[in-house]
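Since we're looking at a predicted model, the values are computed, not measured. Note that ligands are numbered from 1 as they come in the structure, with each ligand's atoms numbered from 1 the same way.
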Amino acid sequence: MDKQYLLINGEVITVNENNQIVEAVAVKGNKIIAAGSNETILTLKDADSEVIDLNGKTLIPGFIDSHIHISMYGTNCLSISCKSESIQTIDDLLKKIKERAKETPKGQWIRAWGYNENTIKDKRFPTKEELDAVTSQHPIIISRTCGHISVVNSYALRLANIDNDTPNPEGGKIDRSAKGEATGLLLENAHMQMFAKAGFSEAELSEAHKIASNHFAGKGITSIHDATGYGLDNLRSLQADTQKGLIKQRVYAMVGALNNAQEIVKHMVQAGIFTGLGDTKFKIGPVKLFLDGSSSGPTVWTRDPYTSDSTNYGIHYFSQEEVDELFLPAHENGWQITAHAQGDAAVDMLLNTIEKANQFYPRENTRHRIEHAGIAAPDLIERMKQQNVVPIPNPAFLYEYGDGYVKNYGERATYMYPMNDYKKADIPAAIASDCPITDFTPMRGIHAAVSRQSSTGQVIGEDKTVSILDAIRMYTWNGAYASFEENIKGSIEPGKLADLVLLDCSIMDAEIEKLPEVQVEWTMIDGEIVYNQTKEGGRA
Ligand SMILES: [Zn+2]
């Protein structure tokens with residue numbers, strides 16, 4: 001007999017069609033069987049029921065993070081974090097690397113991530129020479145916070161066969177001194193190739209997934225759309241680790257990689273499978289490419305030059321013909337298509353492809369996506385609407401990187417991640433963190449969507465803010481829609497999967513400034529409590 005939970009006296013934000021807020025919910029097995037008043041729910045009470053008093057706190061559908069890199073985040077947890085409080089200067093970082101070198105076998109990688117030359121006291125990158133002085137026995141890679149740039153030591157350059165004569169890879173740059181010597185700084189594709197070289201073992205990946213999944217559960221995330229990582233081996237480990245229960249969230253796996261995604265896309269389309277294969281725990285998502293650079297780099301590809309540099313239009317990886325050639329067959333063969341497209345020129349390019357796909361090979365319900373869609377100019381939103389495109393914006397970027405956006409993109413920053421424009425156009429934009437590029441905490445993303453405040457308090461495009469209820473919908477139902485699963489999850493309605501989150505207060509009563517402090521009391525996935533704040537260490 002399936003156990004029945006009757007959750008009463010709550011502020012239950014159902015995210016149903018009418019945005020109803022009710023008092024109570026009944027869960028049986030892995031399904032929600034009813035939602036409504038305390039009275040109606042209590043009529044379901046039987047010998048197998050456990051009644052739980054929510055004490056007026058908010059119950060919501062589990063958060064769906066529609067663009068997150070679980071493997072990257074998890075492996076970051078195994079690496080040195082430059083975002084840690086204890087690293088304020090380059091010297092602090094070098095000390096950490098030295099400690100790590102002592103416990104790392106010779107020849108194995110030492111990896112650090114989250115570096116930001118703007119926030120470190122020295123206001124620059126460490127040099128290759130500084131890294132060489134710490135250890136000559138290990139390759140070292142320090143990835144920038146954007147995930148598109150890194151600095152490495154001489155050992156790593158040797159491993160990658162990069163010397164003074166090595167040409168820049170397509171879409172990438174090996175930074176050089178005046179004398180033509182590689183400085184160790186690698187940009188875009190040059191970084192991506194090095195990052196792939198510094199790969200993790202299968203056991204390391206599983207450990208990483210387990211850590212990451214527990215962290216996500218602690219913040220109320222019950223489904224993730226994985227935005228790819230280290231390639232096809234990574235896809236296999238994602239599926240295996242979900243099956244083993246090391247990853248507790250439901251996974252919608254985009255197909256691609258941080259490096260050389262085009263080969264994987266081609267290969268997978270030829271393999272004869274397509275988007276939607278799998279079950280409610282693990283599903284094959286869209287094929288994904290990278291079209292341009294990062295919003296904070298700043299390296300996004302823009303139609304007009306940067307406000308901060310009138311000669312800079314950013315960086316892009318492909319021609320229109322190349323994108324069409326990869327994506328039109330994918331669309332024709334039943335794949336949802338998507339790409340990282342941050343600048344308005346990149347979004348434009350992806351929309352061109354989507355328009356051709358829908359025109360030449362019409363099929364129903366394609367829901368092609370655009371990851372980030374950073375500079376979402378009004379004309380681009382119009383075209384998204386016409387093509388039934390689902391954009392996946394990241395309002396939390398405004399918090400961490402918003403001041404830089406204003407500096408680099410000027411007026412354009414006011415319509416970056418414009419949640420209210422999407423709402424007005426009735427486009428089901430699904431909020432995502434893009435963790436580890438920024439904090440995965442959904443309450444942080446909700447606060448950013450509601451306030452559009454940068455970390456220094458600057459409000460960027462006030463007319464693009466949305467209400468708390470809207471933001472919750474964008475973090476739940478819209479995410480389910482983006483993976484064709486709005487019939488089974490994303491709201492609290494009878495028949496849907498029991499993926500639920502209890503917050504530690506009434507969110508409707510919370511002040512906007514306090515939203516990032518709202519905690520998760522427990523997280524339920526598939527009818528099972530997978531995180532419980534009141535239990536030791538949060539383990540259920
Ligand atoms: Zn991403």
What's the spacing between N312 CG and S308 OG if we round to 0.5 Å?
7.0 Å
Taking the six-membered ring for Trp, are H148 and H191 closer than 6.0 Å centroid to centroid?
no
Any N/O/S of H340 under 2.8 Å from the Zn ion (ligand 1)?
no
Just one of H225, H67, Q342 clears the side chain to side chain donor-acceptor pair (under 3.5 Å) bar with E371, so which one?
H67
The Zn ion (ligand 1) to H69: any N/O/S contact under 2.8 Å?
yes
Specify which N/O/S atom of D434 comes nearest to the Zn ion (ligand 1), by atom name.
OD1
Of all heavy-atom pairs linking A212 and I70, the shortest is CB-CG1, 3.6 Å
